[in-house]
Each structure stands twice: as C-alpha cells, then as structure tokens.
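Reviewing the structure listed below.
So that the names make sense, note that chain A is the first sequence line, chain B the second, and so on, each numbered from 1.
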Amino acid sequence: MTKPGVDLTPYLRQEMMPTVWCPGCGHGIIARGIATALMSLGLDMDQVAVVGGIGCSGRAPFYFEANAMHTTHGRALAYATGLKMVNPGLTVIVPMGDGDSMAIGGNHLIHAARRNIDITAVIFNNSIYGMTGGQAAPTSPLDSRSTTSPMGSIEPAFDTVELALAAGATYVARTTTFDFQEMPQLIAGAIRHHGFSVVEVLSQCPTYYGRLNKLGEAPDMLLYERDRTKLLEAFGPLPEITREEMVGKLPIGLFRDEERPEYVDQYHGLVARAGGGKHAS
Amino acid sequence: MRLVQGNEAVALAAVHAGCNFYSGYPITPATEIMEMMARQMPKTGGVFVQMEDEIGSIAAAIGAAWGGAKAMTATSGPGFSLMQENIGYACMTQTPVVVVDSQRGGPSTGLPTLPAQGEVMQARYGTHGDHEVIVLTAASVVEAYRMTVEAFNLSETYRVPAILLLDAVLSHMRENVEFPDVPVRERLKPVIDENFLPFGADAPFLPFGSGHHTVVTGMSHDETGLPKALAGQAVQRILKGVQARMERDAREITFYHELALDDADIVLLTYGITARAAREAVQLLRADGIKAGLLDLQTLWPFPDWLVQEKTRQAKAVLVPELNLGQYVMPVRAALAGRCPVQPLGRCDGELFTPEALADAAKALASSVEIGGVAHD
Ligand SMILES: Cc1ncc(C[n+]2csc(CCOP(=O)(O)OP(=O)(O)O)c2C)c(N)n1
Ligand code: SF4
Ligand SMILES: [Mg+2]
C-alpha cells in the first residue's frame, strides 16, 4: 500500500489533473490503487496500456502516464482484446464502470473471461450510472433508489464475482475503496496473473447513489461499504462461511487465482502449428 | 490464372496489403472472408479472432490497429449496422481500419443470400456526427482484389476507416483471374520529439508502445489527443483537416472506369456489380443508334463531384441504376444541379439489372429528353 509521502506522480498524467471526479468520489481512490499497483510492480509505463469505456470510471485512462484509450460505452474489453493480441508485450488494464461492464458491455466481459485473455479488468462498481446522473444499473441493489427507480428498484442486482467466476475468469477478487490496504495488492496480483482477471472495487458515488439513498457524505459511504462487506480469510482460497455469518454481507477478498491456458498463448500455439513463424508483435 | 471467389479475393488481397489482424462474426454473404482469414492469418503470423458480435469485431480491429496491426473486419447489413458507433470512433481517433460490407437485401434480415446496394448512404453517413470515410466498391473478382489493397492504402494515408462495399453476387461469384501486383503503401514512422503531435495534420499513425504515451479518445480533442478546453474548435480543425487532405488528393483517391463517354448523350452512372450489365447496355444502345456512355465508379465516397461534372459535360441525361430505391442518385443530382435530367432506376428485389432492362430505361430517358435514335415501333 502507499504510505503517505510515496510519490505516484511518475504514474499519473499531471497535465490532466485535477480529475473530473466529484469531491469524495471513490473512483479517485481506485485510480490511486491502480497507480500504486503499477508502482509496486515497477512496470515500464511505455508498455502499459489503460483502455477504458465511457462513464465517470471510463475517464480513468486519461489519468495514467501510459498508453491510454478511452473507447466507447461497454466496448473497452473488445478494443483491449485486439490490442493485446497484436501486442502481447503490453500490460493491458481495463477500468470499467458497473453499467459499462455488466449492462451494455456484459457480452464482452463474459467472452473475455471465457477466452482467458491476459487482461486486467478493474470494475469501478458504484451501483449506479454516475456519468449520466444517477440512473439504475444492473448492480443497483433491490429496493435501491435511482432517478429511473424512484420508488426503489424491483430488479435483482448482478453479483459481479459470481458472474466472472461462472464465465471463466481465472483471477477474481472483490474489494472496496474503504479497504485501501488490500485493494492495490489485489490489483497488483491481477496484473501479475497470466490470464483474465476481474477485480471488482465497490466504490462510492456520493453525488447520486449516496444522495438518492440517503447514505450521507463520502466518509459515511466508506463506513457503509465497510459494514456491508466481510473479508474472506485473507487472500486464501474461498473459505467455508456460514450462512449466518454472511447475512446481509458481501464477501470481499480473492475468490480465484488459478492457471488455465491463456488465449494469446493458445493463439501462438496455433500459429506455430500453422507454420506462421513469429507472431506479429 | 485460377478460379477465385470474390470473398476469397478480398482475403488474399488483404494478406497482400499486409493485413495482420482480422476479427469478425459470421454472416452471409461475407462469411467466406472470415473463413479464409482463419486459415491465412495463422499461416502468415497474423492474428485471427472470432469475436462475440460485430460491435466487438470492429472494436477489436481498432484496438489491434493501435497495437500496430493493419486490421480488417468484414460483415453484411445487420452486422454493418452494429458496427456504426465504433466506425465513428475510428473516424474520431483517426485510426486506419478496413471494413468490408457485402451487401444483401435489407432492411433487417432482408434477403440474406441476394445482392443489394442498400448501404451506399449508410457507409458514408451511418455513424453519428460529422466525419469522413473512404468508400470503395467493385464489379469483378479482380477489382475486388485491387480495391481491397487500395482500401488498406487509403485508410493508412488519410487515417480514416476505408469501407469496401461488395454485394452477395460478387462475394460468391467465381472468375478466372490473374491477380495484379497492386503496390502497397507502407506505414510511415513519425519522428518522435517534444514537438510530436499524434493527431497533427498529416501526422503518420503511431501505434502504442512506440515511446509516446498517446491518449486516444472518442471525445473531441486537440492535436495532442487530450480533450482539453476549446475541444470543439480543436476537433473542427482536425476534422476539416482530414476533409481538406482528401479534397486535395481527390484525383488519387477516385477510381473509375469509363466507356464511350466522349460523345455520349445518355450517361449511365453505375457502381459495383451493375457496371457489368451497363457495359453491355451501352453496346446495345449504340447498336440502336443511341449515343450512350458509361461512368462506372469504384470510389463512391468522398463523392467525386468534379468527376461526375467533367464526364457528363456533354450529356443530355444521366441514368443512375442502383440496387436500392434511389440513394446515390441524390449526390449525382446535387452535383449536376439541374444541368440535365438525372433519372434514378432502382430495385430492391434481390435481382440484378439485365443489360436489356438498362438499355430500355436509357431509351425511355432518351426519348423523354428528345434525343434522336433509331425509331422503334
Ligand atoms: C452507446 C451509449 N449509450 C449510452 C451512453 C450514455 N452513458 C454514458 S456513461 C453511462 C453509464 C455510466 O455508468 P457506469 O458504467 O456505471 O459508470 P460510472 O459513471 O458510474 O462510473 C451511460 C449510460 C453512451 N455514452 N453510449
Ligand atoms: S457522479 Fe458519482 S461516480 Fe461520477 S464522479 Fe461524481 S461521485 Fe463519482
Ligand atoms: Mg457506475
């Protein structure tokens, strides 16, 4: 984790500061978590590409001193797939919104997971559409308020982790902006992991989700995150948790970290079998 | 000489042009391009990926371009509609990418196995916002080969998406061909110093990992790529720049054939597969004493108004046969600005025009503008 005084400036694009994010928004904490992870891994930023979609979260690529792509709503993983396949040397990180990744971009998420392509998706989950002003997302909890569910949502929410696990992602974690100890470590683990990684970070949107659901200011929302989650046995395999223990709680921590043939490697194998020589890079 | 299918010619031409990334989703009548690329890409060290849909296909192709590839995807109407948003992203980010659309009857699922030319306007204006694209078409297998290579070349030079419009007949037809050696434009490498502007006028395309941390965004941005203040003015400057470069080089971008235009009273203006029947129609009309000629365009957009004006200067009327209910006739009319009658001839029943049908329409047009010919009773 970043200790006070740790200098992240080489990882952040100074000319784009300050960010567009509202005061108290959790997205800045996640961006800091990603920068901290990049620093801890000592990656050459010339070989890092940050590919985002559209949304408040989608703006994240602008803030990294890296190759940056701000694509279209929901499609970042498809862009990243092409990029990674022709340039496997690049470390590809995809910051995504919850609507971006699970509504409009849900198809690309499950297929990237199924292929197990070596990309790290970081899902900035604030349970709402922030950028467009607080509409319901597929992650908005049942009964939660938004401008398009003013009487409370009647739809059940997606569980990002369950979705990523079922779709075949080989590194799956959930953390929160409250848990800044673990968050950069989980992201660094995801970047190091050779395969498709999903790190869901529960984030706060005080401007819309907080206000519409009467959750108070950003610090209150951080405590709300703390209280609605329960840390799995630190970074170990999924422990047996009793139903009683989990009532009303979302498990956080590392859910899966396993090796499975990675897509770009699989493709290179195919090229070798076809006699195509060195794969384009 | 060998017997080659239209779709196969496109795949072979792409490989010749240096294409090393293909992403796609199966759809009739474009599928064989994808199947060919699935065999060709691994053999040549390129990348082939079957995406989950056409939105993903075009997105992956654009991503691959930024990874350093020459990228292509191919589809037909329904898939082409799905691609539109991200084609606009390629326009806004000045990304070279080639999109092949083998047109079938539409709208919607339409006539999946039959030819049409229903996407002539969509290819130009399908994505939202002001933008430039290059749209080429072809009438034969050998031309499909040539235009595919040119699509890569032009896309590279002007940093715009190049769209190649085929149709179900051309895609599936086989012809005996000897492939021409079409020159390939190599990607230029810019000098990267502190003055380098990734989106500066005439700046060559610089992919990721080349030492400059480029920001690529579909938001309005200036020449640095950053969405800074006054982005509206900046993007207008950039988009007008693209337009101006294409206007400046209009003669190099515009491919066409002409037949018997010098003294033609009636000009048939065609594109794509219709040119085949039109060439015969001109012979039939000439045999009947009607001075007919043919202007057959391979470059549809940017619209070559200068060429249409030049080649119809002597004409008394222009006939525009299309496999749609009247699309390309509109810019032709605008270009001639009432100088002579411009007659549409459209169909969308999945059939091609016969030479006789074209000749009959031309004769009717000739008599309506009182051009003398051999009298028929
Ligand atoms: C195709 C398309 N549809 C809709 C939009 C409008 N839009 C922009 S951001 C957004 C939702 C953002 O929500 P989320 O992905 O959760 O990101 P957040 O802003 O909350 O970080 C929407 C619907 C768009 N830009 N493109
Ligand atoms: S609207 Fe919400 S998600 Fe968007 S920047 Fe503001 S607080 Fe963050
Ligand atoms: Mg959101």
Does atom [atom1] of [X] have more than 12 heavy-atom neighbours from other groups under 6.0 Å away?
X	atom1	value
B:Phe199	CZ	yes
A:Gln266	CD	yes
B:Phe196	CZ	yes

Legend entry - Non-hydrogen atoms of A:Ala78 and B:Gly56 that approach each other most closely: CB-CA, 3.7 Å
Inset, instruction - Looking only at non-hydrogen atoms, find the nearest pair between B:Pro42 and A:Leu270 and report the distance. - result: CG-CD2, 3.4 Å
Inset, instruction - Please assess A:Arg59 against B:Met219 for the test side chain to side chain contact (heavy atoms under 4.5 Å, CB included), listing each intermediate value before the final yes or no. - result: CA-CA 10 Å; A:Arg59 298 291 177 98; B:Met219 280 207 299; 3.6 Å; yes
Inset, instruction - Determine, step by step, whether A:Val86 and B:Asn20 satisfy the side chain to side chain contact (heavy atoms under 4.5 Å, CB included) criterion, reporting the C-alpha distance in whole Å, the side-chain angles of both residues, the deciding distance to 0.1 Å, and the verdict. - result: CA-CA 8 Å; A:Val86 295; B:Asn20 55 357; 5.6 Å; no
Legend entry - Validation row: B:Val49, A:Tyr267 side chains within 4.5 angstrom (heavy atoms): no
What is the distance from atom [atom1] of [X] to atom [atom2] of [Y], rounded to the nearest 0.5 Å?
X	Y	atom1	atom2	value
A:Asn107	B:Glu52	CG	CD	5.5 Å
A:Leu83	B:Phe21	CG	CZ	9.5 Å
A:Asn67	B:Leu206	CG	CG	9.0 Å

At a heavy-atom distance under 4.5 Å, which candidate from [options] has the highest pair count against chain B?
options	answer
A:Ala66, A:Ala76, A:Gly105	A:Ala66
A:Gln47, A:Met16, A:Arg115, A:Arg273	A:Arg115
A:Arg75, A:Met45, A:His73, A:Arg114	A:Arg75

Legend entry - Segment of A:Tyr263 engaging chain B (4.5 angstrom heavy-atom cut-off): side chain
Of all of [options], which one pairs up most often with chain A through heavy atoms under 4.5 Å apart?
options	answer
B:Met51, B:His212, B:Lys228	B:Met51
B:Gly63, B:Ala59, B:Ala64	B:Ala59
B:Pro227, B:Ser57, B:Gly225	B:Pro227
B:Pro207, B:Gly218, B:Ala65, B:Gly209	B:Gly209
B:Gly211, B:Gly88, B:Ser23, B:Ala69	B:Gly211

Inset, instruction - Have a look at B:Val215 and tell me which of A:Arg13, A:Glu15, A:His70 forms a side-chain contact (heavy atoms from CB on, under 4.5 Å) with it. - result: A:Arg13
Legend entry - Residue B:Met92 versus chain A: region with a heavy atom under 4.5 Å: neither
Legend entry - Verdict with supporting geometry, B:Asp53 and A:His108, side chain to side chain contact (heavy atoms under 4.5 Å, CB included): CA-CA 9 Å; B:Asp53 57 28; A:His108 307 304; 3.5 Å; yes
Inset, instruction - Output yes when a side-chain donor or acceptor of B:His213 lies under 3.5 Å from a complementary backbone atom of A:Glu65, and no otherwise. - result: yes
Legend entry - Aromatic contact, A:Tyr79 with B:Tyr89 (centres under 6.0 Å): yes
Inset, instruction - Could you walk me through whether B:Thr217 and A:Phe62 pass side chain to side chain contact (heavy atoms under 4.5 Å, CB included), step by step? - result: CA-CA 9 Å; B:Thr217 176; A:Phe62 289 125; 3.6 Å; yes
